[in-house]
There are 2 protein chains.
Amino acid sequence: MPSYKAPVDDVLFLLNDVIGIDRYNNIPSFAEATPDLVKAILEEGARLCEEVLQPLNRVGDTEGCTRNDDGSVTTPTGFKDAFGQFAEGGWIGLTADPQYGGQGLPHTLGAAINEFVSSANVAFGMYPGLTQGAIAALTIHGSDAQKALYLPKLVSGEWLGTMNLTEPHCGTDLGLLKTKAVPNGDGSYAITGTKIFISAGEHDLSDNIVHLVIARIEGAPDGTKGISLFVVPKILPTEDGGLGARNALGCGALEEKMGIHGNATCVMNYDGATGWLVGEENKGLRAMFTMMNEARLGVGIQGLSQSEVAYQNAVTYARERLQGRALTGPKDPDKPADPIIVHPDVRRVLMSMKAFNEAARALVLWTAVRGDIAHGGADEAERQAADDLMGLMTPVVKGVLTDTGFQNAVTAQQVYGGHGYIAEWGMEQFVRDARIAMIYEGANGIQGLDLVGRKLPANGGRAVMAFFGEVEGFVKENAGDEAMAPYVEPLKVGLETLQQATMWFMQNAMTKPDNAGAGSTDYMHLFGLVALGYMWARMARVAQARLADGADNKAFYETKLVTGRYFMERIMPEAKAHYARISAGADTLMALSAEAF
Amino acid sequence: MPSYKAPVDDVLFLLNDVIGIDRYNNIPSFAEATPDLVKAILEEGARLCEEVLQPLNRVGDTEGCTRNDDGSVTTPTGFKDAFGQFAEGGWIGLTADPQYGGQGLPHTLGAAINEFVSSANVAFGMYPGLTQGAIAALTIHGSDAQKALYLPKLVSGEWLGTMNLTEPHCGTDLGLLKTKAVPNGDGSYAITGTKIFISAGEHDLSDNIVHLVIARIEGAPDGTKGISLFVVPKILPTEDGGLGARNALGCGALEEKMGIHGNATCVMNYDGATGWLVGEENKGLRAMFTMMNEARLGVGIQGLSQSEVAYQNAVTYARERLQGRALTGPKDPDKPADPIIVHPDVRRVLMSMKAFNEAARALVLWTAVRGDIAHGGADEAERQAADDLMGLMTPVVKGVLTDTGFQNAVTAQQVYGGHGYIAEWGMEQFVRDARIAMIYEGANGIQGLDLVGRKLPANGGRAVMAFFGEVEGFVKENAGDEAMAPYVEPLKVGLETLQQATMWFMQNAMTKPDNAGAGSTDYMHLFGLVALGYMWARMARVAQARLADGADNKAFYETKLVTGRYFMERIMPEAKAHYARISAGADTLMALSAEAF
C-alpha cells in the first residue's frame, strides 16, 4: 500500500527562503500569515492529509461512488467523515474572505495545502476544490444577496459547489451550448438542459449542492456571446437560508471512468430547474474565465501532486527491492542482491521525478504569489504586473505540470516492475488518477493555444517581455559567479531558445496562423523548461547562500544543488528539440487531406 | 465503441515493395509464401481479427477472468468460441514446423498477423502467443519424445502453453529463484514453488495446459548457473498422449491488474508437481534466452498494435467531432463547427502516431526477416549476420515500440477530450492494455542495458558496425538524389549522433560502467530514432520510385512521403537531446545517497 508524507520542509524552504513571503507583508493576507502560523498550518494540513485522506485513497478507487435508485449518490466509505473533519478544520475557506467565515490567508498557502490534499487523495480533494471554485466565482460575480446567502454555507462546508459547463456535443467550444434559461418573471430563470462530466454533481457529503451552470437565455445571441452564468441549488433555499423545496434537477447517471473513482462524475439533468443569474446577462463566459486561472492552477497542482506521491513510493520501493548487483560491484554483499536504487537507470528516473517535482512546486508557489499580489498588491502597476505573469504562467503550469505529472506517475509505476501493474500496490491508481488532469479545465492542447494565441500577444507582449526581462536579469546578476554557472549557463541557453521560438512565431504566425497552432504544444513545454529551470537557478542560489552561511541542514541544500544540476544536464537539453519542431512550421502537418490519415 | 481495420495494404507494401520478400525464396518458409498466398493469409487474418477478436476486446476488459472455487478459471464470454475459430484456422501454428502440423510459413508473416491480433484484442492474443513461445522452446530444446508428445497438441490448440519465470522476490534477477526440482528417480522431477504473473496460467480454452517452468534442481549451483527448464503439464499425459491424472499444481489466485483483463494472470502453486527436464540440467536460462528474442519482438509488436488501433480511432473521432473553427477560417461553414482534424495541434498528434506506426511496422518486419534468415538462410555467414542484427534490434523494438506505443495510446485518448477518460468509449482501455508491454519480457530499463551492455560489445561490436554500415551505405547511395534529401539528410545527422553516442560509451563506460547504465535508456531511444528513420528513408525511396513509375495508387505513396517528412522534421530532432543526456554521464545521478531521495 502506498504511503505519503507531505513535503512541509520543501514548502517552507520555498516560501521563506526562495520566494521570501515576508516581503509581501503589505498585502493583508500575507500580513496575517506569520512564519509560525504558516508552519503550523502546513503541519496541521500535512497531518490531516497523511492520516485521514491518504488512507481513503485506495478505498475511493476500489469502491467508487454509487448512484442509488432515487438518484442520490453515495460516496466511498469514510469520505463523509473525512469531509466533516476537513470542513471542521476550516480548510475549505482557508483563503476565503473572513467576512463570510473564511481564514483570509494567502492563495499561495492554499496552493501548498492543495498539493498535499491532492497527493493524499485527489478524488476526495475535488469536492472541496470545486467548492473553492464556486466560492471564488460568487465572491467576484455574485450580488451581495447571493454572497450573503451562499458564501457562509460554502465556506463552512455545510453546502458544496460545482461547475456545469460541458454538454455532450460541446466541451472546448462552449459557444455550441444548448442549455436554456427562460425568465420566470420573478427574477429567477427556468434552466433546462443536460450537462456531462460534472464532478461532485451529486453526493452525500453535504445537505445542499450549489450548482453554477452556464446556459443561454432565451433570445440571447448564438455562440459565446450569449452565455450566462446561473446559480442553481439542488435544494431551494428558504428566506432565512434554510432548506426548502427540492429543485428540478438531478444526477441522471454516473460516468464509468478510468480513474478518480472516489469522485462522483455526473450526468446532470436540468428540467426547468430554478436558477438565478450571477453577474450580467450574456457575460457568463467572462465570469467563468476569471475563475479559470485559479482552477487551472489547481489542476496543474494535481499533476504535480500525483508525480510527488508516486515518486515517494517509487523511492521507497527502490530502497527496499533487492534485485541484481550494482554495475560497480555488490553494494550489499551480505544480502542476496542490492537494492535497485544502486542502478543508474533507476536513479535516472527517480532524479527526473525529483528534479521536476521540486521545480514544479516552486513554480506553483511563484505563480500563486503573483495571484495574491494581483488581488491585494498595494498599487495598480504592481497588481497589473502580477496579473500579467499569473495569466502567462497559468497555461504553462496547467499543461506542463499535468503532462509531466502523468508521465512521472507512469515512470514511478515502472520502478515497481510487474508489481506496478497490480492494483493492490497502488501505483497504477496514480497513473489513472493523474490522467484526467491533462484533459479537464481545458485539454492541454488548448493550454498551448491559450499561451501562444492569447497570452503571448496580449497587450503587445507585455507579460512575456516582463518574464524574459526577469529571467535575463537573474542571468546577468549571476553571470560572474562560477558556482552558479552550472545553473545559469543552461538557463541562458534555454531562455535564448525560447526567445528564438517567440521571434519565430512573430515572424511566421501572424500571416499564417497554422504555424502558431503547429508549434503551440512544443512552445508551452519549452516555456515550461525555462520557467522550471529559472526556479532551479533561484533555488540553487539560495542553497549556495545558506551553505556559505553555515546552515545546519547542509544535506538539504546540497541535495538541492545536485538535483538542480540534474535538471540542467538532463531535462533542459530538450529545449532545442522543441525549437526544431516549432520552426518546422505547419506545412507538413497540413499537407494531408482528412481522408489520407 | 472503437473499431479496427487491419493495415493489410501497408503490410503488403512493406513485404513486397520495401523488404522485397521475393528475394528470400532460397529460404524454405519464404519459398512457400507466394505473393498470392501471403495476400490471402493477411486478408483472412484481418477478417478474423476485425470480425471475431475485436468485438470481444471490451467484453474481455469489463468481464475479466474469474477464478472459481475449485481453482478453475473462466475466460470472458466469447473467448472460448473465438479461440476455437483461431485454432481451427491454423493460426497458432502458422510458422510452426509442418512435421508437427504447422504451416511452416515465415516468422515475418507471423509477425504481421501478430500485430493484427494484438490490435484487435491484445488480452486474447496472449493465449496463442504464449503457446507459440512454448512451441518455439520445445522445438529448439525439447527431446524428440517431448516434441512428438507436445508439439502437435500445442500447434493444433488442443493444449495451450505458458512460461513460468517470475517469483514474488525475483523478476529481473532470476538468479534469486527458489522453485525447487527434486528427481523422482524415474526421469521426472517433483517441482515445488510459487510463480507469479503467469499469463494464461489457468483457463478454460483448452483441455490441458503445458507449463514451462524454470526451477533449481536440488544441489544445483546458486544464481543463474543452477537454473533448469521443465515441462510441467496441468494434466499428466498418458502413454498415447491422452489425458491422465491431474498434476499437483494450480492457480492460487488471479492478479487484479490495470489492464489486459481478458487474460488470466495467475499466481501458480507447484506442490511437488511432476515435470520433465527440457534440454540440459542447469542450462535453463540459456534455453529461455533463445526464446527471448522472439518473445520480445512479440511484445514490441503489442506496443505498435495498441498505438495503431488507438490511432485509427482517434482519426475517426477527429474527422467526426465538431468543435471550434479552423484558425484560417471555417472549413465547414454549414455545420455548427469544423471537425477537429482541421486544427494543427490535432493533426500534429495524429501525424506523430502515423509516422511512428508505419515505421515501427517496417522495423518489426525488417527485424523478423532477419529472424527468418537466421533460422533458414543458405549459408553460415548470412545466418550469422542476420542473427547479429536480430539480436541487436530486439531490445530496440521491445523498448522503443512499447514506450512509444503506450505514449501514443495516451495521445490518442487525449484527442477524445473528456470522452477519452470514459470507459465506454474504449480509448482508456488501450492505455491500460498498452501499459504492460513496457514492463513484461524484461522491463524497458533492462532492454536498454541489454542493448548497451550485451548487444553493443558482443563479438567486438560486429552487429552494431554492420548496422551502421548498412545505414551509411544507404545514405551514400542516395546522397546525390535531391528528392531524397529531406529523408537522407536528417537520417545522416541521426546516425552521426548515434555513432557519437556509441563512441562516447567506448571512451567513458569501459572504465566506469555507471556511465553506460546512466545513458542506456537514452541510447536505446536514440537507436530507435535512427532505425525508424532508416525505415522511413527506405519507404520514401520506394514511394518515389513507384510514383516515378506512374503507379496507380498515387495517393498512398504521396501520403508516405508526407508522413516520412513529418518523422524527419518532428521526431528525429529528439536525437540530439538524447545525446546530451548520454554525454552528461553518471556523476550527478550517482551523487546522492539513497536517503537523500
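The basis for the numbers below is simple: all heavy atoms, side chains too, and nothing from hydrogens, waters or symmetry mates. We name chains A, B, ... by the order of the sequence lines, and we start the count at 1 in each one.
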One option among B:Glu255, B:Gln414, B:Lys354 has the most heavy-atom pairs under 4.5 Å with chain A, and it is B:Gln414
Practice problem: Identify whether the distance between the nearest side-chain nitrogen and carboxylate oxygen of A:Lys331 and A:Asp338 falls below 4.0 Å. | Solution: no
From the list B:Pro339, B:Pro336, B:Ala518, B:Ala516, the residue making the most non-hydrogen contacts under 4.5 Å with chain A is B:Ala518
Do B:Ile260 and A:Tyr421 make a side-chain contact, defined as non-hydrogen atoms from C-beta onward lying under 4.5 Å apart? yes
Turns out that what part of A:Tyr579 lies under 4.5 Å from chain B's heavy atoms comes down to neither
Do side-chain atoms of A:Gln447 reach the backbone of A:Gly442 as a donor and acceptor pair under 3.5 angstrom? yes
Check ion pair B:Asp522-B:Arg581 (N to O, under 4.0 angstrom): yes
Between the CG atom in A:Leu350 and the CG atom in A:Asp345, the distance rounded to the nearest 0.5 Å is 10.0 Å
If one checks every heavy atom of B:Leu174 against chain A at 4.5 Å, the contacting part turns out to be neither
Scored by heavy-atom pairs under 4.5 Å with chain B, the best of A:Ala318, A:Gly324, A:Ala580 is A:Gly324
Checklist entry - Can we say A:Arg347 and B:Asp514 salt-bridge, meaning some charged N sits less than 4.0 Å from an Asp/Glu carboxylate O? => result no
Are any side-chain N or O atoms of B:His261 and backbone N or O atoms of B:Gly64, one a donor and one an acceptor, separated by less than 3.5 Å? no
Check B:Asp173 with A:Arg325, please: is the shortest side-chain N to carboxylate O separation under 4.0 Å? no
Are side-chain N/O atoms of B:Thr172 and A:Gln323 paired as donor and acceptor at under 3.5 Å? no
Of A:Met438, A:Glu558, A:Arg565, the largest count of non-hydrogen pairs under 4.5 angstrom with chain B goes to A:Met438
d(A:Lys257 NZ, A:Ser199 OG) to nearest 0.5 Å is 7.5 Å
Interatomic distance, CG@A:Leu592 vs OG1@B:Thr563, rounded to 0.5 Å, equals 5.0 Å
Okay, A:His419 and chain B: the region with an atom under 4.5 Å from a heavy atom over there is both
Whatever's closer than 4.5 Å to a heavy atom in chain B on A:Ile340 counts as neither
If one checks every heavy atom of A:Val562 against chain B at 4.5 Å, the contacting part turns out to be both
When the 4.5 angstrom heavy-atom criterion is applied to A:Ile436 and chain B, the contacting part is both
**Message:** For A:Lys554, I'd like to know if atom NZ has over 12 heavy atoms of other residues, nucleotides or ligands within 6.0 Å.
**Reply:** no
So, the part of A:Gln413 with a heavy atom under 4.5 Å from chain B: the answer is both
Okay, B:Tyr416 and chain A: the region with an atom under 4.5 Å from a heavy atom over there is neither
Yes or no on salt bridge (Lys or Arg N to Asp or Glu O under 4.0 Å) for B:Lys178 and B:Glu167, after CA distance, side-chain angles and deciding distance? CA-CA 8 Å; B:Lys178 292 181 181 166; B:Glu167 300 181 6; over 6 Å; no
Applying a strict 4.5 Å limit to non-hydrogen atoms, the region of A:Arg321 in contact with chain B is side chain
Applying a strict 4.5 Å limit to non-hydrogen atoms, the region of B:Pro168 in contact with chain A is backbone
One option among A:Gln407, A:Met353, A:Arg432 has the most heavy-atom pairs under 4.5 Å with chain B, and it is A:Arg432
Whatever's closer than 4.5 Å to a heavy atom in chain A on B:Ile341 counts as side chain
- Message: Is it the case that the side chains of B:Asn444 and B:Thr521 hold a donor-acceptor pair, with the cut-off being a distance below 3.5 Å and no angle test?
- Response: no
Under 4.5 Å to a heavy atom of chain A? For B:Leu176 that would be side chain
B:Tyr566/B:Ser352 under side-chain hydrogen bond (donor to acceptor under 3.5 Å, both in side chains): CA gap, chis, key distance, verdict:
CA-CA 8 Å; B:Tyr566 180 92; B:Ser352 296; 2.7 Å; yes
Plane angle bin for B:Trp425 and B:Tyr317 - parallel if under 30°, tilted between 30 and 60°, otherwise perpendicular: perpendicular
Given A:Lys512, A:Glu424, A:His169, A:His343, the one with more heavy-atom pairs under 4.5 angstrom with chain B than any other is A:His169
Most heavy-atom pairs under 4.5 Å with chain A, out of B:Met427, B:Glu595, B:Met572, B:His578, belong to B:Glu595
So, the part of B:Phe597 with a heavy atom under 4.5 Å from chain A: the answer is both
Note: vs chain A, highest number of non-hydrogen pairs under 4.5 angstrom among B:Ser593, B:Ala326, B:Ala577 is B:Ala577
Cut-off 4.5 Å, heavy atoms of chain A, and the answer for B:Lys576 is neither
Chain A shares the most heavy-atom pairs under 4.5 Å, among B:Gly448, B:Ala337, B:Gly175, B:Gly418, with B:Gly418
Whatever's closer than 4.5 Å to a heavy atom in chain B on A:Arg319 counts as side chain
Ranking B:Asp222, B:Thr559, B:Ile582 by heavy-atom pairs under 4.5 Å to chain A gives rank one to B:Thr559
Turns out that what part of B:Val342 lies under 4.5 Å from chain A's heavy atoms comes down to backbone
Okay, A:Ala555 and chain B: the region with an atom under 4.5 Å from a heavy atom over there is neither
